[in-house]
Amino acid sequence: MFDTLTERLTQSLRNVTGSGQLTEDNIKDTLREVRMALLEADVALPVTREFIAKVKEEALGQEVMTQLSPGQAFVKIVYDELTKMMGEANETLDLSAKPPVVVLLAGLQGAGKTTTAAKLARFLKERQKKKVMTVSADVYRPAAIKQLETVSNEVGVGFIPSEASEKPIDIVNRAIEQAKIQFADVLIVDTAGRLHVDEDMMDEIIELHAAVKPTETLFVVDAMTGQDAANTAKAFNDALALTGVILTKTDGDARGGAALSVRAITGKPIKFLGIGEKLDALEPFHPDRVAQRILGMGDVLSLVEEVERKIDKEKAEKMAKKLQKGGTFNFEDMLMQFEQMSKMGGMMGFLDKLPGMSNAGIQDAIEKANPEKQVKRMEAIIQSMTIKERRNPDLMNPSRKKRIAAGCGMDVAEVNKLIKQQAQMAKMMKKFANPSGMSKMLKSLGNMQKQFGGGGGNMGPLFGSNDQKK
Ligand SMILES: Nc1nc2c(ncn2[C@@H]2O[C@H](COP(=O)(O)OP(=O)(O)OP(=O)(O)O)[C@@H](O)[C@H]2O)c(=O)[nH]1
Ligand SMILES: [Mg+2]
């Protein structure tokens with residue numbers, strides 16, 4: 001998603017150079033390019049205008065920031081404004097109402113409503129442990145009901161049958177009763193595709209909405225329609241009082257105009273993104289993460305830049321130098337790396353920035369592995385060592401290990417595991433021992449995702465998973 005926009009934006013943002021403050025002069029050209037980039041991405045004109053005005057205002061009002069170059073400062077402003085434009089934070093579904101919570105999906109023909117119904121059902125079932133049921137009120141398109149049944153079965157949620165001869169309101173009222181009897185937490189209602197200019201069809205869903213009073217009314221819309229997505233969302237919102245938008249087919253959308261326009265034009269949050277045809281291809285919409293992706297901050301290179309800014313550079317250089325001279329990556333170095341990692345917002349914050357790591361399944365696996373906790377334990381072990389031991393891993397012997405384990409209240413097996421990890425990291429570091437060793441090491445972490453994706457929670461030498469061969 002956003003490939004074209006990202007390319008354009010990163011290119012123009014690179015042009016803010018010079019030193020000292022941002023001035024009208026040194027941002028003029030770039031602002032024009034950003035504006036062009038947004039319009040080309042099919043962001044609505046009023047939205048683009050407002051965005052540019054805000055960025056300009058922020059940029060000119062900026063205090064001089066010592067650590068940031070004007071270019072970096074400008075990127076930061078653009079990033080902040082992009083995030084704001086999309087709504088700041090992720091908005092979740094309101095599932096606090098009395099069950100069954102009714103979620104009504106509406107949208108144009110072929111937007112992805114039926115697919116999204118199943119994706120959402122799967123998401124709520126697996127991530128939020130909800131009992132979900134689905135029902136189709138699409139009595140118009142042949143096989144529409146069957147389609148929902150098929151995908152509901154595929155994701156393993158209850159499906160309430162309906163007939164094309166029934167009235168949508170009757171279908172849904174009956175479904176609510178049935179969902180109650182079966183103690184479902186959530187009932188997802190799929191509806192027929194309709195155009196906002198088709199009065200009969202709009203009246204139908206307005207009546208349905210009034211009768212059913214869904215807790216969530218979500219507009220499902222194809223991201224590839226760009227700013228039209230935002231405009232139809234607005235038209236539906238005028239009729240239906242939406243609670244949010246689900247943007248589908250973002251996997252095929254290189255421009256991003258829909259994602260950027262919807263909030264500003266409708267005032268309603270995008271709650272989810274459809275990112276593929278498969279039924280697990282749905283992810284919660286996080287404005288900040290999307291803004292990062294748009295600015296290409298998801299790539300490892302800018303991660304390295306960020307790291308270099310934040311970490312104690314001197315320490316890293318000293319370590320690199322030592323490694324270069326053939327020194328060993330010891331426990332002291334390991335401890336330092338853990339500290340730096342936590343400065344960067346911990347493992348989750350760190351992984352967020354690696355491309356491919358936004359995949360929901362991966363994030364889940366990481367959260368389960370709880371790297372933060374593992375790091376804390378590893379830190380405790382190192383802290384239980386003497387300085388001499390920290391600097392000379394070779395000193396380790398059974399009696400020292402026993403003392404260290406006792407000192408941190410863990411067992412020797414865990415100390416052994418840490419020692420093994422240190423050895424692996426030392427080996428890895430040797431490979432990258434040159435002045436930019438740190439950067440290369442971080443890049444190599446990018447490769448971890450492969451290992452990780454296929455390895456069911458194995459985070460490489462740095463964070464061996466707990467639940468592996470005990
Ligand atoms: N690539 C991609 N395809 C998607 C996504 N969401 C839905 N689709 C595809 O879009 C097509 C239409 O999806 P449906 O779920 O049938 O759309 P609908 O809104 O229910 O269509 P109608 O009921 O006819 O109005 C299908 O081929 C889906 O596989 C997505 O996020 N990415
Ligand atoms: Mg459908």
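Values below: all heavy atoms of this structure, side chains included; hydrogens, waters and symmetry mates excluded. Every number for a ligand or one of its atoms is a count from 1 in the order of the listing.
Checked for salt-bridge contact, Asp185 and Lys131 miss the test: no charged N lies under 4.0 Å from a carboxylate O. Salt bridge Arg174/Glu166: present, at least one basic N to carboxylate O contact under 4.0 Å. Under the 4.0 Å criterion applied to side-chain N and carboxylate O atoms, Glu50 and Lys54 are assigned as salt-bridge partners. A salt bridge links Lys180 to Glu177: at least one charged side-chain nitrogen sits closer than 4.0 Å to a carboxylate oxygen. A salt bridge links Glu91 to Arg263: one of the charged nitrogens lies within less than 4.0 Å of a carboxylate oxygen. Salt bridge absent: Glu33 and Arg8 never bring a charged side-chain N and a carboxylate O closer than 4.0 Å.
The Gly193 neighbourhood of ligand 1 comprises atoms 25 (O), with distances under 4.0 Å to a heavy atom of that residue. Heavy-atom contacts of Thr114 reach the following atoms of ligand 1: 15 (O), 18 (P), 20 (O), 23 (O) (cutoff under 4.0 Å). The Ile275 neighbourhood of ligand 1 comprises atoms 31 (O), with distances under 4.0 Å to a heavy atom of that residue. Of all atoms in ligand 1, listed by their number and element, those nearer than 4.0 Å to a heavy atom of Lys119 are 5 (C), 6 (N), 30 (C), 31 (O). The atoms of ligand 1 that sit less than 4.0 Å from any heavy atom of Arg141 are 22 (P), 23 (O), 24 (O).
Put simply, the side chain of Thr266 never gets that close to the backbone of Ala233: no donor and acceptor are under 3.5 Å apart. At distances below 3.5 Å, at least one donor-acceptor pair connects side-chain atoms of Arg194 with backbone N or O atoms of Ala192. The backbone N or O of Ser136 sits less than 3.5 Å from a side-chain atom of Ser162, completing a donor-acceptor pair.
For atom 18 (P) of ligand 1, the closest non-hydrogen atom of the protein is Lys113 N, 3.3 Å. Closest to atom 9 (C) of ligand 1, if we only count protein heavy atoms, is Lys249 CE, 4.0 Å. Protein heavy atom in closest approach to atom 1 (N) of ligand 1: Asp251 OD2, 2.7 Å. Ranking protein heavy atoms by distance to atom 27 (O) of ligand 1, first place goes to Glu277 OE1, 4.0 Å. In this structure, the protein non-hydrogen atom closest to atom 21 (O) of ligand 1 is Gly110 N, 3.1 Å.
Near-neighbour remark for the Mg ion (ligand 2): protein N, O or S atoms under 2.8 Å are Thr114 OG1; waters not counted.
Using cut-offs of 30° and 60° for the angle between ring planes, the Phe272 and Phe123 rings count as perpendicular.
Using a 3.5 Å distance cut-off with no hydrogens or angles, the side chains of Asp94 and Ser96 do pair a donor with an acceptor. Side-chain contact, Tyr140 with Gln109: no donor N or O sits under 3.5 Å from an acceptor N or O.
Remark: Asp222 engages Lys249 in a salt bridge (Lys or Arg N to Asp or Glu O under 4.0 Å) (not counting sequence neighbours).
Distance CG/Leu120 to CG/Leu218: 7.0 Å, rounded to 0.5 Å.
The N/O atoms of Thr250, backbone and side chain alike, include none that comes under 3.5 Å of an N/O atom in ligand 1. Polar contact check, Ala111 against ligand 1: a nitrogen or oxygen pair lies under 3.5 Å apart. Considering backbone and side-chain N/O atoms, Thr116 never comes within less than 3.5 Å of an N/O atom of ligand 1. For Gln147, a nitrogen or oxygen atom sits less than 3.5 Å from a nitrogen or oxygen atom of ligand 1, counting backbone and side chain alike.
With a 4.0 Å heavy-atom cut-off, ligand 1 is reached by the backbone of Thr115 and by its side chain too.
Of the listed residues (Gly274, Gly276, Ala143, Gly112), the one carrying the non-hydrogen atom nearest atom 30 (C) of ligand 1 is Gly276.
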